[in-house]
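Have a look at the structure below, then the notes.
As the structure lists them, so they are numbered: ligands from 1, and atoms in each ligand from 1. On a predicted model such as this, the values are computed, not experimentally measured, just so you know.
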Amino acid sequence: MSVTFTRPHILLTQPVPEDTDRILNRDYVVHRLYQAADPSHLLEQEGSHIAGVVTGGAKGLSRDMMEKLPALKIIAISGIGTDAVDLNYAAERGVWVTTTPGVLTDDVADMAFGLLISTLRQMGEAEQVVRNGLWPQTSLPLSRKVSGITLGIVGMGRVGQAIARRAEAFSMKVLYNSTRAVPDLDYRFISDIHQLAREADVLVLAASADGGHVIITDAVLDALGRDGYFINVARGKLVDENALLAALTEGRIAGAGLDVFAHEPHVPEGFLSLKNVTLQPHRASATLQTRIAMGEMVLENLAACFSGKQPPHRV
Ligand code: 8YV
């Protein structure tokens with residue numbers, strides 16, 4: 001669908017794949033916040049024309065920025081998280097908020113498994129041994145078997161369920177905690193997250209951050225225990241990061257695989273020197289195929305909005 005009338009002005013907060021960018025440029029007047037030498041100046045100059053914002057799930061759009069965009073009609077998130085947008089304020093203003101559901105589910109579940117296997121099998125540390133030519137003189141400690149573990153999933157939405165399906169192929173026992181039990185799922189629902197952590201060998205966080213509060217507390221980490229591992233592909237703000245760092249440093253949990261952090265792109269320094277941690281720079285959905293699919297959904301949402309229709313993937 002292409003837009004034929006005067007091109008609406010769009011604010012792009014982060015890069016999108018080439019194909020998406022080309023169509024954005026054809027159909028809209030694109031202002032690139034991520035390239036602006038002075039982002040506040042750009043907003044002052046162009047803010048009054050901007051009718052659409054294309055942003056990421058983690059980046060979202062602050063209320064403060066929304067207030068600088070009086071003509072705003074749509075916030076098109078390239079992602080599934082809406083936690084970085086003030087949805088109530090958007091609704092009050094009559095601004096559509098859209099996401100790209102479904103297309104990134106597999107990638108995020110794959111990343112959860114990548115982190116899990118890499119962390120339990122100490123692949124990062126072992127790779128350094130090979131890369132640094134230390135194999136002949138190194139005897140690494142034995143790692144943790146992955147197949148057959150008990151996996152505790154926190155958040156049983158699309159991503160949680162995709163993680164559970166992968167776990168079945170690894171003969172894992174799957175338990176989960178979510179806002180409520182999901183009908184027609186064979187996995188055991190545990191309403192108390194501490195209990196889930198106690199029973200799990202690995203706790204994977206795949207919950208939405210819309211609730212806004214910390215779920216993974218010091219007490220949850222203690223319940224996970226010194227043989228337990230924590231994996232996060234959701235949001236860093238759902239975790240008490242200081243408590244996590246302390247638990248890892250003091251050996252109160254065995255290890256962690258983290259794709260997300262509370263204040264991205266900042267990663268607390270303490271994590272960097274820990275051998276029992278696998279770190280990624282929020283890349284769970286960062287495959288070319290998925291980002292192109294996400295871009296197509298963003299374009300569909302924008303096109304519908306600017307032709308006076310309801311965007312298909314509105315929240
Ligand atoms: C993306 C995400 O990394 O979907 C989300 O909410 O956080 C991630 O998939 C992000 O949206 C990048 O655009």
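- Proximity of Lys59 to ligand 1, defined as any heavy-atom pair under 4.0 Å, is not found for any part of the residue.
- Proximity to Gly56 (heavy-atom distance under 4.0 Å) selects the following atoms of ligand 1: 11 (O), 13 (O).
- When non-hydrogen atoms are compared, ligand 1 lies under 4.0 Å from neither the backbone nor the side chain of Glu264.
- No side-chain heavy atom of Val204 sits less than 4.5 Å from a side-chain heavy atom of Val154.
- Residues Glu199 and Ile190 meet the side-chain proximity criterion, which asks for heavy atoms closer than 4.5 Å.
- Residues Leu248 and Phe230 have side chains not in contact (no heavy-atom distance under 4.5 Å, counting atoms from C-beta outward).
- Interface of Leu104 with ligand 1, defined as ligand atoms under 4.0 Å from a residue heavy atom, comprises 4 (O), 9 (O).
- When each atom of ligand 1 is checked for a heavy atom of Arg291 under 4.0 Å away, the hits are 1 (C), 3 (O), 12 (C).
- The line from CZ of Arg291 to CG of Leu104 is 8.5 Å long, rounded to the nearest 0.5 Å.
- Residue His282 holds its NE2 atom at 9.5 Å from CG of Asn232, rounded to the nearest 0.5 Å.
- The heavy atom nearest to atom 10 (C) of ligand 1, out of those in Pro15, Gly79, Gly57, is found in Gly57.
- Relative to atom 4 (O) of ligand 1, the option among Ile80, Asp259, Thr82 with the closest non-hydrogen atom is Ile80.
- Counting heavy atoms from C-beta on, the side chains of Ile74 and Val54 never come closer than 4.5 Å.
- Nearest-heavy-atom check against atom 12 (C) of ligand 1 across Gln14, Arg235, Met111 picks out Gln14.
- Of all atoms in ligand 1, listed by their number and element, those nearer than 4.0 Å to a heavy atom of Gly81 are 4 (O), 5 (C), 6 (O).
- In summary, the atoms of ligand 1 found under 4.0 Å from a heavy atom of Ser78, numbered by their order in the structure, are 10 (C), 11 (O), 12 (C), 13 (O).
- Inter-residue side-chain proximity for Leu203 and Val220 is flagged as met; some heavy-atom pair is nearer than 4.5 Å.
- Using a 4.5 Å heavy-atom cutoff, the side chains of Leu69 and Leu43 are in contact.
- Interface atoms of ligand 1 facing Ser285, defined by a heavy-atom separation under 4.0 Å, are 1 (C), 3 (O), 8 (C), 9 (O).
- The protein non-hydrogen atom at the shortest distance from atom 8 (C) of ligand 1 is His282 NE2, 3.6 Å.
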